[in-house]
Peer 1: 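The structure that follows is given in the form of structure tokens.
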Amino acid sequence: MRDLTTRQRQVLLLAANGNTNAQAATLLGITPHSVAEILTAAYRRLGAFDRAQAVAIALAVGELGVHEIHIPEQQRSAA
């Protein structure tokens, strides 16, 4: 497995925090198609099949830190 690029990590982190491709695209000033392409490349690098698995692998191998994942207030209160 190769390390993620800075952009792949950035986009995967936005996905990990619940952003859709369209939301991530708006935040980054790129198209939703570009976000999808970046995520697909990140999946390949991580050996993942989908967004959830990519986030799990990235957390497990240290590409993302658990402290970077923000729990929505409504879910935090219910826990």
Side-chain angles (χ1 to χ4, degrees):
M1 179 186 71
R2 299 176 301 171
D3 292 343
L4 295 177
T5 66
T6 300
R7 189 60 134 186
Q8 288 168 347
R9 186 184 178 289
Q10 183 181 38
V11 171
L12 188 59
L13 183 58
L14 287 170
N17 279 292
N19 291 283
T20 64
N21 288 4
Q23 289 167 325
T26 299
L27 291 168
L28 297 172
I30 60 177
T31 68
H33 178 76
S34 293
V35 170
E37 291 293 319
I38 293 165
L39 283 173
T40 298
Y43 300 167
R44 268 188 257 118
R45 280 188 184 229
L46 293 168
F49 295 103
D50 60 24
R51 184 180 293 238
Q53 187 181 31
V55 170
I57 292 169
L59 285 167
V61 300
E63 283 284 354
L64 298 179
V66 83
H67 64 281
E68 297 176 288
I69 308 299
H70 305 287
I71 302 169
E73 191 57 43
Q74 64 197 38
Q75 290 177 337
R76 188 183 311 250
S77 300

Peer 1: Is any side-chain heavy atom of Asp3 closer than 4.5 Å to one of Val61?
Peer 2: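 No, their side chains stay 4.5 Å or more apart.
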Peer 1: Look at the side chain of Thr40 and the backbone N and O of Ala36, then say whether any donor-acceptor pair between them is shorter than 3.5 Å.
Peer 2: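 It does hold such a pair.
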Peer 1: Using modelled atom types only, decide if a donor and an acceptor are shared between the side chain of Gln10 and the backbone of Thr6 within a distance under 3.5 Å.
Peer 2: no
Peer 1: Which heavy atom of Leu46 sits nearest to which heavy atom of Ala54, and what is that distance?
Peer 2: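 Smallest heavy-atom distance, with atoms named: CD1-O, 3.5 Å.
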Peer 1: Quick check for you: to the nearest 0.5 Å, what is the distance between Arg44 atom CZ and Leu39 atom CG?
Peer 2: 11.0 Å
Peer 1: Taking only Lys NZ, Arg NE, NH1 and NH2, and the carboxylate oxygens of Asp or Glu, determine whether Glu68 and Arg9 approach each other closer than 4.0 Å.
Peer 2: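 Answer for the salt bridge query: yes.
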Peer 1: Provide the closest heavy-atom pair for Ala22 versus Pro32 in the form atom of the first, atom of the second, distance.
Peer 2: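 Looks like CA-CG, 4.0 Å.
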Peer 1: For Leu64 and Leu4, what are the C-alpha separation, side-chain angles and deciding distance, and is it a side-chain contact (heavy atoms from CB on, under 4.5 Å)?
Peer 2: CA-CA 10 Å; Leu64 298 179; Leu4 295 177; 5.8 Å; no
Peer 1: Would you name the heavy atoms of Gln8 and Ala41 that are closest together and state the gap between them?
Peer 2: NE2-CB, 3.2 Å
Peer 1: Keeping Arg7 on the side-chain end and Ile38 on the backbone end, is there a donor-acceptor pair under 3.5 Å?
Peer 2: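 A pair under 3.5 Å: no.
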Peer 1: To check you understand the geometry: which heavy-atom pair defines the closest contact between Ala15 and Arg51, and what is its length?
Peer 2: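 Here Ala15 and Arg51 meet closest at CB-NH1, 3.3 Å.
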Peer 1: To the nearest 0.5 Å, what is the distance between CZ on Phe49 and CD1 on Ile57?
Peer 2: 8.5 Å
Peer 1: At their closest point, which heavy atom of Gln53 faces which heavy atom of Asp50, and how far apart are they?
Peer 2: N-OD1, 2.8 Å
Peer 1: Could you pull out the closest heavy-atom pair between Leu14 and Ala24, with the gap in Å?
Peer 2: CD1-CB, 3.9 Å
Peer 1: State whether the side chain of Asn17 and the backbone N or O of His70 hold a donor-acceptor pair below 3.5 Å, judged by distance alone.
Peer 2: yes
Peer 1: By the definition side-chain contact (heavy atoms from CB on, under 4.5 Å), identify the one residue from Leu28, Thr26, Leu27 that meets it with Asn19.
Peer 2: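 By the side-chain contact (heavy atoms from CB on, under 4.5 Å) criterion, Asn19 pairs with just one of Leu28, Thr26, Leu27: Leu27.
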Peer 1: Under 3.5 Å, side chain of Glu37 to main-chain N/O of Ser34, donor-acceptor pair present?
Peer 2: no
